[in-house]
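Since the model is a prediction, treat every value here as computed from it, not as a measurement. All residue numbers in this chain count up from 1 along the given sequence. Heavy-atom basis, side chains included; hydrogens, waters and symmetry copies ignored.
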Amino acid sequence: MLVFLLVLFCCVNHSAAFLQVESSSSNAQDIEPHCPKGQFPCNNSDTCVEQRKNCDGHNDCEDGSDEMGCADHNKINYFNNLFRKDQTKIGKRKMQDVVQLKPVPSVCRCSGFKLFCVRQNLEKPPPDLPSNVEELDLSENVLEFLDTKHFQLKEKLETLILKGSRVTLINKDAFKNLPHLKNLYLTNNEIGSMIEGTMATNNDLLFLDLSYNPITVLHPEAFIGLHNLETLDLRHCFLKSLPPGVFDSLVNLKKLYLDNNRLTSITKYVFQKLVNLEMLYISFNKIEKVHLTYWVGLEKLNTLAITENKISALEADSFGNMSSLYKLLYPNLKSLTLQKNELKKATKAVFEPLTSLEYIYFDDFHMCSLALHVRVCEPRGDGISSIAHLLDSVVLRISVWLVAFVAGLGNVAVLVGRFLFVEPNEVHSFYIKNLSLADLLMSVYLFFIAAYDVVFRGEYIHHETKWRHSWQCNLCGFLSTLSSESSILILAVITTDR
């Protein structure tokens, strides 16, 4: 009981310091007409809901608006594009469609206006292709290089699929005779570089997939002429750098995939002409630093993923500066992913310029305290603590209190008994007393944790950083370590002695 009172006194004595954050928030709410930082208004009332209560499965607004818009559709769209349907398989399922193409080459099959010449060991496209073909699939052939002469004039061809066709070289204007080409799939080939003006005359191209190629070099004018391109996929290539101006022609690009390359940094201002870019993915690279010059020009960007790089620190101006013009760089950014980095250093100033951010993803939930203005922050906990509570699980809370009481009372009883009653074996009694004292320290540690869980209940994220660096937390860690190590040592001595 003495131990419990001591712990309770310490908590009450020092809780005022931790609760300063909450009181300041309350004062801000009295002064400001809107919700204070870290809280969000309900749609049809003046009620303010804290970040941790948004999208937690419980309605805190009368109209339930705190549980609306919880799904990050930007992230969902990413995975939908990541696992695209195989056009070949779709064509096979629809092979019973009425044949619209004549003549059909003997090595091909058709469905509607689609022609499938897959796995035929073709070294070049069939010369007698129908003039009205709209989609041509030449996947898994042996088309080592592509040239203008390989394709006859096909004004109606809109989709060309060349997946896994062992293509190593694409000559300049190779697709010149396909003036209305809109979708081009070149994934899983052996292309090592993209030369100047490869598709300069394909002004109608909307979708270009170059993923899973060993591309190491991009010519600065590799994508010249593609001013209508909307999606560019460069995933799983061998790119180590991005040449200046390589994306300058892509003024209507909306989605850019640069995942799984070997980028160690981003060339300054390389995205400055991508004024319509909405989604940028540069995950699974080796980027070590983030600088605001990387993002200049991305006025319509709403999704940025920098997952699994080697970013260890974010400077205050990594995403802009509230006191400079850079704060207007990305007014539409809604989703930011920073998971699986080595992020150790960051401050609130890093995320303040991102005023429109609605979803942010870290590895550790305590990083959410740096972005309290963001409505949805993941993860919400680590299995023990969460944004709301030091001890998140009810079972865990009860267990900590129960073990603390039982261990405390039991070890106090042992100590009192050993001091009141004389034992004939003094050495054995000495061991038992020390073991009991070591276990009692663990009880004190559990009382501390349980008591501070009560102090922080429902608002742990506001105090998490200050708590982890406080002397109380350090004392708890010391007591836990001392208790565990002492118990093991004493048990080892007792075992050896016997």
Side-chain angles (χ1 to χ4, degrees), residues 81 124-125 129 133-136 138 143 145-163 165 167-187 189-235 237 239 241-258 261 266-267 269-281 296-301:
N81 284 285
K124 60 181 181 179
L129 294 175
V133 61
E134 296 179 359
E135 180 176 318
L136 175 61
L138 295 169
L143 309 170
F145 76 97
L146 300 175
D147 193 73
T148 306
K149 63 183 180 181
H150 288 162
F151 297 95
Q152 298 175 355
L153 183 62
K154 294 290 180 290
E155 293 190 355
K156 293 189 177 181
L157 187 66
E158 296 183 352
T159 301
L160 177 60
I161 305 173
L162 295 163
K163 295 182 179 180
S165 293
V167 178
T168 58
L169 178 64
I170 305 176
N171 289 334
K172 186 175 181 179
D173 279 337
F175 308 103
K176 183 179 181 180
N177 291 327
L178 310 176
H180 299 299
L181 189 65
K182 293 183 179 180
N183 304 293
L184 178 56
Y185 295 82
L186 287 164
T187 186
N189 282 287
E190 300 172 10
I191 304 169
S193 63
M194 292 294 292
I195 64 174
E196 177 187 0
T198 305
M199 305 160 198
T201 56
N202 297 107
N203 304 134
D204 291 345
L205 197 64
L206 300 176
F207 180 94
L208 176 57
D209 188 351
L210 290 165
S211 61
Y212 293 91
N213 279 287
I215 301 174
T216 56
V217 178
L218 288 176
H219 190 278
E221 296 186 352
F223 304 115
I224 193 170
L226 302 181
H227 51 262
N228 287 314
L229 193 69
E230 295 183 354
T231 301
L232 175 59
D233 193 340
L234 287 166
R235 291 178 294 122
C237 295
L239 296 172
S241 63
L242 301 172
V246 68
F247 301 124
D248 284 0
S249 299
L250 310 180
V251 292
N252 285 303
L253 194 68
K254 294 182 179 179
K255 299 176 183 179
L256 177 57
Y257 300 89
L258 291 166
N261 278 281
I266 302 295
T267 307
Y269 305 107
V270 74
F271 303 128
Q272 64 179 339
K273 297 295 180 66
L274 303 182
V275 293
N276 290 301
L277 192 69
E278 297 176 356
M279 300 181 180
L280 175 59
Y281 303 96
V296 173
L298 302 179
E299 299 174 0
K300 294 185 178 180
L301 189 69

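Of the inter-residue distances, the one linking Lys255 atom NZ with Thr231 atom OG1 reads 5.0 Å to the nearest 0.5 angstrom. A distance of 10.0 Å separates CD of Glu278 from CG of Leu253, quoted to the nearest 0.5 Å. One distance of note links CD of Glu135 with CD1 of Ile161; it measures 4.5 Å at 0.5 Å rounding. Here the NE2-NZ distance, from His150 to Lys124, works out to 6.5 Å after rounding to the nearest 0.5 Å. With rounding to the nearest 0.5 Å, the separation of CZ in Phe271 from CD1 in Ile266 is 5.0 Å. The CG atom of Leu129 sits 7.5 Å away from the CG atom of Leu138 when rounded to the nearest 0.5 Å.
Put simply, the side chain of Pro243 does not reach to within 4.5 Å of the side chain of Thr267, judged on heavy atoms. Using a 4.5 Å cut-off on side-chain heavy atoms (C-beta onward), Cys237 and Asn261 make contact. The shortest distance between side-chain heavy atoms of Leu232 and Leu226 does not fall below 4.5 Å. Within the 4.5 Å cutoff, side-chain heavy atoms of Leu234 are placed close to those of Leu218. The closest side-chain heavy-atom distance from Lys182 to His180 is not below 4.5 Å. Within the 4.5 Å cutoff, side-chain heavy atoms of Ile215 are placed close to those of Met194.
Residue Met199 comes nearest to Leu186 through the heavy atom pair CE-CD1, 4.1 Å, listed as atom of the first residue, atom of the second, then distance. Annotation for Leu229 and Leu250: closest pair CD2-CD2, 4.1 Å, computed over non-hydrogen atoms. Closest approach of Lys176 and Thr148 over heavy atoms only: CB-CG2, 4.1 Å. Smallest separation of non-hydrogen atoms from Thr159 and Asn183: OG1-ND2, 3.2 Å. Residues Leu153 and Pro179 approach most closely at CD1-CD, 4.1 Å, considering heavy atoms. Here the closest non-hydrogen pair linking Leu162 and Leu146 is CD1-CD1, 3.7 Å.
Residues satisfying the ring-ring contact (aromatic ring centres under 6.0 Å, His included) test with Phe175, not counting sequence neighbours, are Phe151.
Ring pair Phe223/Phe247 is parallel by interplanar angle, where below 30° counts as parallel and above 60° as perpendicular.
Each of Asn202, Asn203, Leu206, Leu208 was compared with Leu181 under the side-chain contact (heavy atoms from CB on, under 4.5 Å) criterion, and only Asn202 meets it.
A donor-acceptor pair is defined here as one N or O able to donate and one able to accept, closer than 3.5 Å; such a pair exists between the side chain of Asn276 and the backbone of Val251. Between the side chain of Asn189 and the backbone N or O of Asn213, no donor-acceptor pair lies under 3.5 Å.
Under the 4.0 Å criterion applied to side-chain N and carboxylate O atoms, Asp233 and Arg235 are assigned as salt-bridge partners.
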I would like to know whether Leu258 and Leu242 meet side chain to side chain contact (heavy atoms under 4.5 Å, CB included); could you show each step before the answer?
CA-CA 10 Å; Leu258 291 166; Leu242 301 172; 4.0 Å; yes

Would Leu205 and Asn228 count as a side chain to side chain contact (heavy atoms under 4.5 Å, CB included) here? Give the steps.
CA-CA 6 Å; Leu205 197 64; Asn228 287 314; over 6 Å; no

